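Keep in mind the model is a prediction, meaning the values are calculated, not measured.
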Amino acid sequence: MNPSAPIRVIVVDDDPMVITGIRGILQAADDIEVVGSAASGEEAIEKAALHYPDVVLMDIRMPGIGGIDATERLVNSTRPPKVVALTSMDSDDHLFRALEAGANGYLLKDIGPVDLAIAIRRVHAGEPILAPRSMRQIIAKVTSSADHRLQREAAQLLAALTDKELEIAELVSEGLSNQEIAERTFMSQATVKTHLNRINIKLDTDNRVRIATMVVRAQKI
């Protein structure tokens, strides 16, 4: 991978106005290049095989196989791109189905231009991203059960973290990005990533949502 090369993006949406709008937004980012677009899940798969994008912005509800099935096929392809579900529907069902299909992010279409470019960069760098409302939805749904055993287990696991690791885990539960955590804690992003790796090992987790869920569970005791 050439670090100086622009991030190659395909925009998938059955509304041509949405595609035009996103193209216009991303044209202002020198490090992002829209290399193709598609109006259906089938066309998205074809375009991905043709252009080898780094990131695919995927609408959920479209003609044909739709965004969920297209996401699952793309992430299991020979050269899988990172897929971000970009939708106007703030729905638990679509959110969970997209993540289960392998999406690396879930954003709402009302996201601002600057935030969209930042989200693409974060996902390309390997950092899963969720709209703040979506993060809250997941945590609320997963921690809605008053299962005291799970709450105690979460608290016991968190007790193994250092003070700095616990601080970072709590910031993750607030939906902060690595950059925002770095700024809040006066650390480099590389140091934040190192702490997150250690947190994942100690908590036996593999993503930010699980870290956040554990923090919220433990706080309910």
For a 4.5 angstrom cut-off between non-hydrogen side-chain atoms, does Ile129 reach Asn104? no
Check side-chain hydrogen bond (donor to acceptor under 3.5 Å, both in side chains) between Glu46 and all other residues, then give those that pass, not counting sequence neighbours. none
Taking only residues two or more places apart in sequence, or in another chain, which ones meet Glu165 in a salt bridge (charged side-chain N to carboxylate O under 4.0 Å, His left out)? Lys202
Minimal heavy-atom distance between Ala169 and Leu161, with the atoms involved, is CB-CD1, 4.2 Å
As an exercise, state the distance from CZ of Arg217 to CG of Leu157, rounded to the nearest 0.5 Å. 11.0 Å
Show the nearest heavy-atom pair for residues Tyr106 and Val84, with the distance to one decimal. N-CG1, 4.4 Å
Go through the structure and list residues passing salt bridge (charged side-chain N to carboxylate O under 4.0 Å, His left out) with Lys193, not counting sequence neighbours. none
Any side-chain to backbone donor/acceptor pair from Glu42 onto Gly64? Under 3.5 Å, distance only. no
Closest non-hydrogen atom pair, Pro53 against Pro81: O-CB, 3.4 Å
Does Glu183 have any side-chain contact (heavy atoms from CB on, under 4.5 Å) partners at least two apart in sequence or in another chain, and if so, which? Gln179
Ala39 versus Pro63, closest heavy-atom pair with distance: O-CD, 3.9 Å
side-chain hydrogen bond (donor to acceptor under 3.5 Å, both in side chains): pairs with one or both residues in residues 65-82, sequence neighbours excluded: none
Once rounded to the nearest 0.5 Å, what's the spacing between atom CE of Met214 and atom CG of Leu203? 5.0 Å
Restricting to non-hydrogen atoms, name the atom on Ile111 and the atom on Leu107 that form the minimum distance, rounded to 0.1 Å. CD1-CD1, 3.9 Å
Hydrophobic cluster mates of Val114, side-chain heavy atoms under 4.5 angstrom, ILVMFWY only, any path? Ile118
Criterion side chain to side chain contact (heavy atoms under 4.5 Å, CB included) on Arg198 and Lys164, from CA distance to verdict: CA-CA 11 Å; Arg198 291 172 180 164; Lys164 181 58 66 177; over 6 Å; no
Checking Glu43 now: which residues fulfil salt bridge (charged side-chain N to carboxylate O under 4.0 Å, His left out) with it, not counting sequence neighbours? Lys47
pair Leu86-Ile22: side-chain heavy atoms closer than 4.5 Å: yes
CE of Met187 to NE2 of His195: how many Å apart, nearest 0.5 Å? 4.5 Å
The criterion is side-chain hydrogen bond (donor to acceptor under 3.5 Å, both in side chains); which residues satisfy it with Gln189, sequence neighbours excluded? none
side-chain hydrogen bond (donor to acceptor under 3.5 Å, both in side chains) partners for Thr194, two or more places apart: none
Counting C-beta onward and ignoring hydrogens, is there a side-chain heavy-atom pair between Leu196 and Ile211 closer than 4.5 Å? yes
Determine which pairs satisfy side-chain hydrogen bond (donor to acceptor under 3.5 Å, both in side chains) with at least one residue from residues 21-38, sequence neighbours left out, and list them in order. Asp31-Arg121
If you apply the rule side chain to side chain contact (heavy atoms under 4.5 Å, CB included), what do you find for Ile199 with Ile168, and how did you get there? CA-CA 9 Å; Ile199 291 168; Ile168 291 173; 4.0 Å; yes
Could you check whether any side-chain heavy atom of Ile32 comes within less than 4.5 Å of a side-chain heavy atom of His124, counting everything from C-beta outward? no
Any chance you could measure Ile120, atom CD1, to Asp54, atom CG, to the nearest 0.5 Å? 10.5 Å
Would the number of heavy atoms belonging to other residues, nucleotides or ligands and lying under 6.0 Å from CG of Asp204 be above 12? no
Straight-line distance of Asp115 CG to Arg122 CZ, nearest 0.5 Å: 9.5 Å
List for me each residue that meets side-chain hydrogen bond (donor to acceptor under 3.5 Å, both in side chains) alongside Ser40, sequence neighbours excluded, and say none if there are none. none
Which Ile, Leu, Val, Met, Phe, Trp or Tyr residues join Met62 in one cluster when any pair of side-chain heavy atoms under 4.5 Å counts as a link? Ile10, Val12, Val35, Ile45, Val56, Met58, Ile65, Leu74, Val75, Val83
Nearest 0.5 Å, what's the CG-CD1 distance between Asp59 and Ile19? 9.0 Å
